[in-house]
Protein chains: 2
Amino acid sequence: MSAVILPRSKNATPMKLVPRYERLKQLAKRFPELDPSAIETCLTMLRLSNELTSAYEAHFTRHGLSQGRFVVLIQLFIAEDSGESLSPAEIAELSQCTRATMTGLLDTLEKDGLISRADHPEDRRMYTVHLTARGREFIQGMLPDHYRRIATLMAPLSHAERDTLRDLLAKVSSGIPALRDP
Amino acid sequence: MSAVILPRSKNATPMKLVPRYERLKQLAKRFPELDPSAIETCLTMLRLSNELTSAYEAHFTRHGLSQGRFVVLIQLFIAEDSGESLSPAEIAELSQCTRATMTGLLDTLEKDGLISRADHPEDRRMYTVHLTARGREFIQGMLPDHYRRIATLMAPLSHAERDTLRDLLAKVSSGIPALRDP
DNA sequence: GCCAGATGGTCAGGCACCGAATCATCTTGC
DNA sequence: GCAAGATGATTCGGTGCCTGACCATCTGGC
């Protein structure tokens, strides 16, 4: 279970929101459960979340990919680098999507000639997935631009700030069960 | 243009990713553009982004809503609170979705009896949207749970940490054009 | 006044994902 | 060695959102 991969999320159903602090305080009078600083921070995150996801998608579109397709390619690229081969279920696990979704991704990647499916030597229920020569060239060709853009995206933050950010995000992450739970 | 609203994002196409630091350093030898700390931070954000979006959606599903439908209701709730009324295009603008999407959201909300459409007094191209009594009760009924959950989500962070987090997110936001641009 | 362009709502078509059901194959316990 | 259950891939139907094209209505300059 390695990975250098990407995201998941069903429908980025989202919408942006512009918190209005005085509005929140006004509403807080009627709803004592409302914590203005929590809402403001949460909304800021959701907004960035959507901006980032949509910019990411635009970036991949420029290369003729979607985020999902990119993740599959990079997973294969990394795995083959270590001489491993992957099954659809393994890629789905690494990419955090369902096997049903993976079937669809692989179908279009195969149609585009970027990957191929080969019989699994031991288990006839599965097969293994491989980059074609064209697929390998393709991903190698786009990685420099990809990495350069991410470096630029994060350039406004110092290394110390990046560390702090990851810490804070981890704390938010620890609170997420509160949203789903009961 | 007020707001206390929500997200947007076309396809939450995403997938989670588990950065493997040594893997990154290995790849960095082949791709000098790769900045491991930038990638790690970016992947952490994307992962949280997806977790958060999907937990948010699960939360709304429990109340029989989607994020989009919730945003419409809360916008109407806030607007009517100030005695204003909104047109579909205004709600779309506030919610950061297209007018076409708003048509669909309003259709289902109207079918569920939560909102109603009324002729616009001056412009026959448009109409105004209003919460029904049922719609108002409904949103009031769910807001305490909603606000309580967000407060719990953010509970792991102190107020100072929340301020820091918002600052850092704003810096990331400023780098986003690098993803889309050329 | 009147027509060109702006603006508002809708429709059709598409995309990316999911869950549940299905079918094939493997594995276990006996 | 053989059923019962586990596991893998696929298909089908559904959701939520998008873009682009459409028609209706309003507005401004002449």
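What you see is a predicted model, and the numbers here were worked out from it, not measured in a lab. A note on names: the letters A, B, ... follow the listed sequences, proteins ahead of strands, and every chain is numbered from 1.
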Describe the nucleic acid contact of Arg124(A) in one word from base, sugar-phosphate, nothing, applying a heavy-atom distance below 4.0 Å. sugar-phosphate
Would you call Asp81(B) and Arg30(A) a salt bridge, taking side-chain N to carboxylate O under 4.0 Å as the test? yes
Any carboxylate oxygen within less than 4.0 angstrom of a Lys/Arg side-chain nitrogen, looking at Arg99(A) and Glu93(A)? no
Could you check which of [options] has an atom nearest any side-chain atom of [X]?
X: Ser66(B); options: dG16(D), dT10(D), dC18(D); value: dG16(D)
X: Met126(A); options: dT11(D), dG8(D), dC17(C); value: dG8(D)
X: Pro88(B); options: dA9(D), dC18(C), dG9(C); value: dG9(C)

Rounded to whole angstrom units, what separation is found between the [atom1] atom of [X] and the [atom2] atom of [N]?
X: Tyr56(B); N: dG16(D); atom1: OH; atom2: P; value: 17 Å
X: Glu57(A); N: dC18(D); atom1: CD; atom2: P; value: 13 Å
X: Tyr127(B); N: dC26(D); atom1: OH; atom2: C1'; value: 18 Å
X: Met102(A); N: dT7(D); atom1: CE; atom2: C1'; value: 17 Å
X: Leu105(B); N: dT10(C); atom1: CG; atom2: P; value: 12 Å
X: Leu65(A); N: dA16(C); atom1: CG; atom2: P; value: 11 Å
X: Arg125(A); N: dT7(D); atom1: CZ; atom2: C1'; value: 5 Å
X: Phe60(B); N: dG16(D); atom1: CZ; atom2: P; value: 13 Å

Can you see whether Ser173(B) engages Glu51(A) through a side-chain donor-acceptor pair at a distance of less than 3.5 angstrom? yes
Would you kindly say whether Thr128(A) and His130(A) are connected by a side-chain donor-acceptor distance under 3.5 Å? yes
d(Leu114(A) CG, Ile139(A) CD1) to nearest 0.5 Å is 9.0 Å
Residue met sooner reading DNA chain D from 5', once Ala100(B) and Ala89(A) are mapped to nucleotides: Ala89(A)
With a 4.0 Å limit, can you tell me whether Thr103(B) has a side-chain N or O closer than that to the phosphate oxygens OP1/OP2 of dT10(C)? yes
Between Arg99(A) and Arg117(B), who's closer to the 5' end of DNA chain C by nearest nucleotide? Arg117(B)
